[in-house]
Amino acid sequence: MPELPEVETVRRGLVELLPGRKFKKLTVSNLKSFRSSGEEDSFLIGAKVTGVRRRAKVLMIDLDSGYTLVTHLKMTGQLVFVGEERFGAGHPSDSLIGNLPDRSTRIEYQFQDDSHLFFNDQRKFGWMWLMPTLEVDNIDFMKRVGPEPLDDDFTEQQFKARFTRRARTSIKAALLDQSVIAGVGNIYADESLWGAKVHPGRLVSSLTDVEWHDLYTDLRVVLALSIEKGGSTAKNYLNARGEKGKYLDFARVFRREGLPCPRCGATIVKLRVAGRGTHICPQEQILEKVL
DNA sequence: CACTTGACCTGTCCGC
DNA sequence: TGCGGACAGGTCAAGT
């Protein structure tokens with residue numbers, strides 16, 4: 001589910017809702033969803049939220065106890081805040097708040113002001129990990145993860161150079177590899193490859209400089225546009241207020257098989273590349289590139 | 001090392 | 001309507 005734009009949208013919501021609130025109660029209903037060393041009574045209960053950060057697809061809720069709630073939503077995770085407006089009128093029409101906790105609720109946090117943060121996760125792949133803030137950077141994933149594609153100082157030259165380690169695989173598999181570039185998942189891999197007119201099965205080493213340029217540019221454009229639209233909701237994704245994202249209304253190929261390519265009108269097809277469902281325009285994204 | 005596949009879970013959809 | 005299988009936005013531990 002959540003890729004960089006979705007996690008960033010959740011972060012932007014939480015940073016408006018959580019800082020200053022103090023934890024009062026923790027309820028874990030699926031043990032595998034919550035990892036800690038048993039220090040939650042000392043460093044979570046009574047602690048105040050000081051900030052909410054994101055790196056790649058990982059969220060970090062920092063506490064004034066020197067601890068951090070490190071969160072990965074994986075495929076179906078949601079972090080939804082419910083405040084005192086819970087039973088009031090005027091919710092956005094696509095908000096699902098009001099019915100929590102439900103059968104997908106794995107962790108429930110109650111704050112001292114009686115507002116709540118729910119970690120819902122249908123498939124139970126996601127997790128929240130309470131750990132010392134200073135140790136977050138020592139997590140294996142954090143040490144391996146590649147640069148943030150939207151950073152101002154992330155250049156086209158750096159982008160291309162990151163792929164040398166995956167020269168003999170498909171460009172789609174390489175885009176999905178978090179150690180190459182942070183935050184790209186199945187949706188934005190397909191969308192950016194369509195933008196650059198590159199077939200997802202193309203060997204990394206076969207891309208031309210023009211294709212690298214277009215892929216770099218389109219990936220950044222697509223990620224920024226999706227953040228602007230509040231991310232993509234294909235099925236489960238919700239932001240911190242329980243609302244869906246609108247990017248899929250603007251998607252060009254993802255989940256659009258059978259519909260016309262917005263550029264050339266050819267029928268979009270779905271295939272399997274790197275073990276993942278993959279959407280392309282078969283007229284513009286071709287495997288045997290004639291040079 | 002680089003690369004691919006299966007596993008982790010639950011739910012839904014599609015074909016028989 | 002029931003049942004089996006494939007599939008779903010991610011990542012890691014195995015395997016080759």
Side-chain angles (χ1 to χ4, degrees), chain A residues 1-10 29-35 54-59 70-79 96 102-107 119-129 139-146 162-193 200-206 219 222-223 226-227 229-239 244-258 269-279:
Chain A
M1 87 113 288
E3 306 179 28
L4 187 156
E6 290 74 33
V7 179
E8 176 61 18
T9 300
V10 172
S29 41
N30 182 59
L31 287 179
K32 289 181 131 178
S33 300
F34 188 83
R35 304 186 199 172
R54 178 191 62 76
R55 176 77 170 98
K57 303 171 189 172
V58 177
L59 272 174
V70 183
T71 304
H72 203 305
L73 302 173
K74 291 291 180 82
M75 302 281 265
T76 56
Q78 307 165 342
L79 269 181
L96 298 188
D102 63 21
R103 64 175 171 170
S104 292
T105 300
R106 310 304 178 194
I107 308 171
F119 178 67
N120 270 32
D121 185 19
Q122 179 187 101
R123 291 172 72 179
K124 299 182 179 175
F125 290 166
W127 43 261
M128 297 186 77
W129 193 357
I139 299 172
D140 285 345
F141 177 88
M142 290 300 190
K143 289 191 286 192
R144 287 198 327 265
V145 70
R162 295 293 302 174
F163 286 87
T164 54
R165 67 177 71 189
R166 302 298 305 267
R168 286 172 50 83
T169 191
S170 66
I171 184 62
K172 174 145 182 178
L175 277 170
L176 295 175
D177 183 341
Q178 300 298 293
S179 74
V180 176
I181 304 292
V184 182
N186 208 33
I187 299 174
Y188 306 104
D190 283 6
E191 291 287 291
S192 59
L193 286 165
R202 289 270 303 285
L203 215 53
V204 168
S205 56
S206 77
L219 177 61
V222 162
L223 292 175
S226 184
I227 292 172
K229 302 301 177 188
S232 298
T233 295
K235 188 170 176 55
N236 290 281
Y237 168 73
L238 299 176
N239 71 16
K244 297 178 179 179
K246 295 179 168 54
Y247 173 79
L248 287 189
D249 294 342
F250 300 84
R252 288 84 53 92
V253 286
F254 189 79
R255 289 201 159 201
R256 294 180 57 80
E257 60 269 32
V269 298
K270 185 173 180 180
L271 51 151
R272 189 152 285 266
V273 177
R276 310 294 299 276
T278 299
H279 311 75

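Throughout, protein chains are lettered first and strands after them, A, B, ... in sequence-line order, and every chain is numbered starting at 1. As the structure is a prediction and not an experimental result, all values here were calculated from the model.
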Which nucleotide in the set [options] lies at the smallest distance from any side-chain heavy atom of [X]?
| X | options | answer |
| --- | --- | --- |
| K270(A) | dT11(C), dC7(C), dT10(B) | dC7(C) |
| Q178(A) | dG10(C), dC7(C), dT11(C) | dT11(C) |
| R123(A) | dT11(C), dC9(B), dG9(C) | dC9(B) |

Is any side-chain N of the basic residue among K229(A) and D249(A) closer than 4.0 Å to the acidic one's carboxylate O?
no
Gap between atoms [atom1] and [atom2], on [X] and [N] respectively (whole Å):
| X | N | atom1 | atom2 | result |
| --- | --- | --- | --- | --- |
| R256(A) | dG9(C) | CZ | C1' | 18 Å |
| W127(A) | dC12(C) | CH2 | P | 8 Å |
| L238(A) | dG9(C) | CG | P | 17 Å |
| N30(A) | dT10(B) | CG | C1' | 11 Å |
| I181(A) | dG10(C) | CD1 | C1' | 17 Å |
| E191(A) | dG9(C) | CD | P | 13 Å |
| L4(A) | dT11(C) | CG | P | 11 Å |
| I139(A) | dC12(C) | CD1 | P | 10 Å |

Return no unless some side-chain N or O of [X] is found under 4.0 Å from OP1 or OP2 of [N].
| X | N | result |
| --- | --- | --- |
| H72(A) | dG10(C) | no |
| K74(A) | dC8(B) | no |
| K124(A) | dT10(B) | yes |
| R255(A) | dC7(C) | no |
| R272(A) | dA6(C) | no |

At their closest point, which heavy atom of [X] faces which heavy atom of [Y], and how far apart are they?
| X | Y | answer |
| --- | --- | --- |
| N186(A) | G277(A) | ND2-O, 3.0 Å |
| L73(A) | D121(A) | O-OD1, 4.4 Å |
| I107(A) | S29(A) | N-OG, 4.3 Å |
| P2(A) | M75(A) | CD-O, 3.6 Å |
| Y247(A) | S232(A) | CD2-OG, 3.1 Å |

Applying side chain to side chain contact (heavy atoms under 4.5 Å, CB included) to Q122(A) and N236(A), what does each step give before you reach the verdict?
CA-CA 8 Å; Q122(A) 179 187 101; N236(A) 290 281; 3.8 Å; yes
Any chance you could list the contact pattern along nucleotides 1-6 of chain B? Use B for base contacts, S for sugar-phosphate-only contacts and - for none, protein heavy atoms under 4.0 Å, 5' to 3'.
-SSS--
Residue mapping more 5' on DNA chain C - nearest nucleotide basis, F141(A) or G277(A)
G277(A)
Closest-nucleotide ordering on DNA chain C, the 5'-leading residue of D140(A) and T278(A)
T278(A)
Identify all stems in which DNA chain C takes part, counting only runs of at least 3 consecutive pairs (Watson-Crick or G-U wobble, each distance under 3.5 Å), and give each as one range with another, ordered by first number.
B:2-8 with C:10-16, B:10-16 with C:2-8
Filtered N/O pairs between nucleotides 11-14 of chain B and protein, under 3.5 Å:
from	atom 1	to	atom 2	distance (Å)
dG11(B)	O4'	Q122(A)	OE1	3.3

P atoms of dA8(C) and dC3(B), separation to the nearest Å:
24 Å
Work out how far the P atom of dG9(C) is from that of dC13(B), and round it to whole angstrom.
15 Å
Got a donor-acceptor contact below 3.5 angstrom from the R162(A) side chain to the S179(A) backbone?
yes
From CZ (R276(A)) to NZ (K172(A)), nearest 0.5 Å:
6.5 Å
Has F125(A) got its ring stacked on the base of dG10(C), with centres under 5.5 Å and planes less than 30° apart?
yes
Mind telling me whether H72(A) and W127(A) have parallel, tilted or perpendicular rings, with 30° and 60° as the class edges?
tilted
Please assess M128(A) against R106(A) for the test side chain to side chain contact (heavy atoms under 4.5 Å, CB included), listing each intermediate value before the final yes or no.
CA-CA 10 Å; M128(A) 297 186 77; R106(A) 310 304 178 194; over 6 Å; no
Mind checking G126(A) for me? I need base, sugar-phosphate or nothing, with any heavy atom below 4.0 Å counting as a touch.
nothing
Output, in order, the C-alpha distance, side-chain angles, deciding distance and verdict of side chain to side chain contact (heavy atoms under 4.5 Å, CB included) for L248(A) and F254(A).
CA-CA 8 Å; L248(A) 287 189; F254(A) 189 79; 3.9 Å; yes
If we ignore angles and hydrogens, is there a donor and acceptor under 3.5 Å between the side chains of E3(A) and Y237(A)?
no
